[in-house]
Enquirer: 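Let me begin by handing over the structure; questions about it come next.
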Number of protein chains: 2
Amino acid sequence: MIDSVALFSTILSVLLMALPDTLTEIKKPVGLGAQIAETLKIAILEGEFRGGEQLGEHDLQNRFGVSRSPLREAFRELEKLGLIEIIPRRGSFVKRISRYDIEENFPIRAALEGLAAQLAVQKISDETLARMEKALDLMGRAVAAKNINSYYSHHLRFHELFIDSAGNELLKTTLQNLRMQSLWHRFSYQYYQEDLEKSYRVHQEIMQCFQSRDTDPEYLRKLVEHHINMALDSFLHYLEAFERKEGA
Amino acid sequence: MIDSVALFSTILSVLLMALPDTLTEIKKPVGLGAQIAETLKIAILEGEFRGGEQLGEHDLQNRFGVSRSPLREAFRELEKLGLIEIIPRRGSFVKRISRYDIEENFPIRAALEGLAAQLAVQKISDETLARMEKALDLMGRAVAAKNINSYYSHHLRFHELFIDSAGNELLKTTLQNLRMQSLWHRFSYQYYQEDLEKSYRVHQEIMQCFQSRDTDPEYLRKLVEHHINMALDSFLHYLEAFERKEGA
DNA sequence: GATCATACTATTGTCGACAATTCTACCACG
DNA sequence: CGTGGTAGAATTGTCGACAATAGTATGATC
């Protein structure tokens with residue numbers, strides 16, 4: 001079995017790190033609430049808190065040594081990310097993730113990533129294409145080395161590159177949330193391992209579409225969308241077999 | 001020119017009212033924060049606050065007669081809805097809406113409503129179909145009577161019905177946000193009036209697709225998506241002409 | 001007269017305390 | 001033994017005050 005903690009740190013670092021392109025930006029000064037939200041976000045993604053568990057304000061007050069005001073702000077932030085659920089006068093609870101959440105998330109993400117690809121293919125820069133190719137190359141090496149950590153990292157980067165190139169900020173932020181939730185789901189069922197070779201071949205095809213000058217944007221869109229929906233199918237199929245075995 | 005206030009109350013009532021189907025639910029007890037958020041939401045949609053205007057905590061404290069805690073919670077809620085922007089240590093500002101916001105919003109909404117239609121067509125109930133037909137009928141009467149208020153109301157309801165039928169809660173809530181923003185955009189440029197007849201004809205076609213037993217879901221999806229993107233084109237075209245006239 | 005430093009004001013950030021509500025354990029009653 | 005009610009504890013909701021920061025106006029210096 002893979003080392004889940006190492007896998008986390010690798011992928012989380014890719015997902016959470018500031019984009020290399022925006023290194024010129026000065027770090028924005030944020031308050032306690034944002035810092036706590038970031039800490040809790042990682043803690044939840046890493047599985048420190050179980051689904052359904054209540055995030056008591058008193059406990060966290062002791063843990064972080066701050067008052068409840070910034071804590072409550074952090075809760076709002078986490079709710080916006082879809083990681084917790086705030087029930088008035090009851091408290092804040094880490095979301096339970098079920099297969100239904102995954103079934104709801106993937107088709108939306110598929111549709112929007114497909115849209116992003118369609119929008120991006122007409123305006124993507126040669127520089128970005130080169131970066132995608134580099135990411136794809138690293139994905140290929142990861143497949144050969146059977147290094148799942150590495151594959152996931154570069155796979156995330158690959159998608160991120162063309163999503164950014166779509167030039168639609170609202171689409172980008174919407175997808176960031178969906179992708180983060182998706183990652184969370186994946187790690188909640190970490191026993192599942194994708195068929196890396198198959199995934200890699202599809203991304204090769206996607207790359208070729210981006211590079212070709214006379215690509216039909218509609219076709220590329222369908223290709224990307226289908227690829228994500230297939231990943232869902234594969235995952236659900238695996239899950240079904242697992243649950244059948246478990247239930248017996 | 002149409003009476004914008006009356007139009008507001010009509011459309012907002014449709015958009016904001018609890019679904020008739022959920023009348024059995026007991027009203028959820030909400031705190032001051034949620035109430036204030038609701039009030040501010042309507043105030044912003046109605047244009048009481050200008051884009052870029054700061055929502056000072058002190059002023060609103062006097063206006064509502066509450067402390068700053070629930071106010072700050074309301075701000076978080078409004079930020080989640082995309083109506084304001086919170087800049088740390090600076091304050092909360094009503095979002096400036098430009099044509100770019102609209103250009104970003106519509107394609108995403110189009111893609112997701114198309115997806116919703118595709119998902120819905122295979123599982124929609126006869127009861128819901130009847131309701132859609134009723135809404136469509138009322139849309140037709142509104143066109144004949146040139147009653148824009150009425151048309152928008154039933155048009156919103158029509159879309160709401162098949163979105164609900166998709167059976168994907170995440171998709172539903174995501175679209176609710178996008179649709180609310182879209183409505184806000186529309187009212188910010190309230191001089192624009194859609195071609196109701198053309199819109200009505202498209203919806204007739206959509207209705208036929210939903211009713212036919214051998215409809216290609218992919219075709220319906222494209223139809224819905226295209227319809228929304230056409231509305232964007234029409235709007236942008238109008239805006240361009242308006243800006244050219246204004247700029248001269 | 002322009003620019004930079006500085007004091008002052010206004011606004012947001014954080015805190016601890018009190019109020020309101022919900023949850024829990026216990027007890028009486030059928 | 002199960003049910004309903006009540007008192008207590010635990011938790012969230014709200015408040016007013018103080019701290020920290022950003023914005024503004026004033027004045028000194030070149």
Side-chain angles (χ1 to χ4, degrees), chain A residues 24-44 48-96, chain B residues 24-44 48-96:
Chain A
T24 53
E25 272 182 38
I26 53 175
K27 59 169 186 178
K28 51 188 170 186
V30 287
L32 288 176
Q35 293 176 39
I36 293 172
E38 195 65 19
T39 304
L40 286 178
K41 172 179 165 185
I42 296 177
I44 292 175
E48 182 175 338
F49 299 99
R50 298 290 171 85
E53 183 174 346
Q54 181 168 9
L55 296 177
E57 297 179 357
H58 186 68
D59 293 345
L60 294 176
Q61 199 173 346
N62 293 335
R63 170 167 174 172
F64 290 107
V66 298
S67 101
R68 285 168 50 209
S69 305
L71 276 178
R72 292 172 68 84
E73 260 180 58
F75 288 167
R76 291 281 166 180
E77 199 67 33
L78 295 174
E79 191 200 25
K80 207 171 67 180
L81 294 176
L83 293 176
I84 72 173
E85 187 178 6
I86 299 177
I87 304 176
R89 302 207 177 279
R90 293 281 304 279
S92 304
F93 302 85
V94 179
K95 263 202 185 162
R96 275 181 212 283
Chain B
T24 53
E25 272 184 38
I26 53 174
K27 60 170 185 178
K28 51 187 172 187
V30 287
L32 288 176
Q35 292 176 40
I36 293 172
E38 195 64 18
T39 304
L40 286 178
K41 172 180 165 184
I42 296 177
I44 292 174
E48 183 176 335
F49 300 99
R50 299 289 171 82
E53 184 174 344
Q54 181 168 8
L55 295 177
E57 297 180 357
H58 187 68
D59 294 343
L60 295 176
Q61 197 174 348
N62 293 336
R63 171 168 173 172
F64 290 107
V66 298
S67 102
R68 284 168 51 210
S69 305
L71 278 178
R72 293 170 68 83
E73 261 181 56
F75 288 166
R76 290 281 167 180
E77 199 67 32
L78 294 174
E79 191 201 25
K80 205 172 67 179
L81 294 176
L83 294 176
I84 72 173
E85 186 178 7
I86 299 177
I87 304 176
R89 301 203 179 281
R90 291 282 304 280
S92 304
F93 302 85
V94 178
K95 263 202 184 161
R96 276 182 212 282

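What's counted below: heavy atoms across the whole structure, side chains too, no hydrogens, waters or symmetry copies. Convention: sequence-line order gives letters A, B, ...; per-chain numbering from 1.
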Enquirer: Rounded to whole angstroms, how far apart are CG on D59(B) and P on dA10(C)?
Expert: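 The answer, rounded to whole Å, is 12 Å.
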
Enquirer: Using atom types as modelled and distance alone, determine if a side-chain donor or acceptor of E73(B) lies under 3.5 Å from a backbone N or O of R76(A).
Expert: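 Side chain of E73(B) to backbone of R76(A), a donor-acceptor pair under 3.5 Å: no, none is there.
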
Enquirer: Of L60(B), V66(B), L78(B), which is the lone residue that meets side-chain contact (heavy atoms from CB on, under 4.5 Å) with I36(B)?
Expert: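 Passing option: V66(B).
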
Enquirer: Write down the distance between CG (N62(A)) and P (dA10(D)), rounded to a whole number of angstrom.
Expert: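 That distance rounds to 14 Å.
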
Enquirer: Would you say dT14(D) has OP1 or OP2 under 4.0 Å from some side-chain N or O of S67(B)?
Expert: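 No, no such contact exists.
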
Enquirer: If I take atom CG in residue L55(B) and atom C1' in nucleotide dA10(C), what distance separates them, rounded to the nearest angstrom?
Expert: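 That distance rounds to 16 Å.
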
Enquirer: For the side chain of E57(A), starting at C-beta, report the closest nucleotide among dA17(D), dT12(D), dG16(C).
Expert: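 The answer is dT12(D), which lies nearest to the side chain.
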
Enquirer: Want to settle it: does S69(A) or G56(A) sit nearer the 5' end of DNA chain D, counting the closest nucleotide to each?
Expert: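 Looking at DNA chain D, the more 5' nearest nucleotide goes with G56(A).
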
Enquirer: Between dG16(C) atom P and R72(A) atom CZ, what is the distance in whole Å?
Expert: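 Checked: the CZ to P distance equals 16 Å.
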
Enquirer: Between dC15(D), dT12(C), dC15(C), which one does the side chain of V66(A) approach most closely?
Expert: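 Among the listed nucleotides, the one closest to the side chain of V66(A) is dC15(C).
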
Enquirer: Between P on dT11(C) and CD on Q61(B), what's the gap in Å once rounded to a whole number?
Expert: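 It is 12 Å, rounded to the nearest whole Å.
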
Enquirer: Taking side chain as C-beta onward, heavy atoms only, is L83(B) less than 4.5 Å from F49(B)?
Expert: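 No - every pair of side-chain heavy atoms lies 4.5 Å or more apart.
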
Enquirer: What are the two closest non-hydrogen atoms of L71(B) and Q61(B), and how far apart are they?
Expert: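 That closest heavy-atom pairing would be CD1-N, 3.5 Å.
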
Enquirer: Can you find a heavy atom in the side chain of F64(B) that is under 4.5 Å from one in the side chain of L32(B)?
Expert: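 Answer no - side chains too far apart.
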
Enquirer: What is the distance from CD1 of I87(A) to C1' of dT12(D), rounded to the nearest Å?
Expert: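 Roughly 13 Å, once rounded to whole Å.
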
Enquirer: Mark yes or no for a side-chain to base donor-acceptor pair under 3.5 Å between R90(B) and dG23(D), with no hydrogen or angle criteria applied.
Expert: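 Result: no qualifying N/O pair found.
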
Enquirer: Expressed as a whole number of angstroms, how long is the span from R89(A):CZ to dT14(D):C1'?
Expert: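 Computing the R89(A):CZ to dT14(D):C1' distance gives 9 Å.
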
Enquirer: For dA10(C), take OP1 and OP2 only and decide whether either is under 4.0 Å from a side-chain N or O of Q54(B).
Expert: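 Negative; the distance criterion is not met.
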
Enquirer: Check the distance between dT9(C)'s P and H58(B)'s NE2 and give it to me in whole angstrom.
Expert: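 My rounded result for the distance is 15 Å.
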
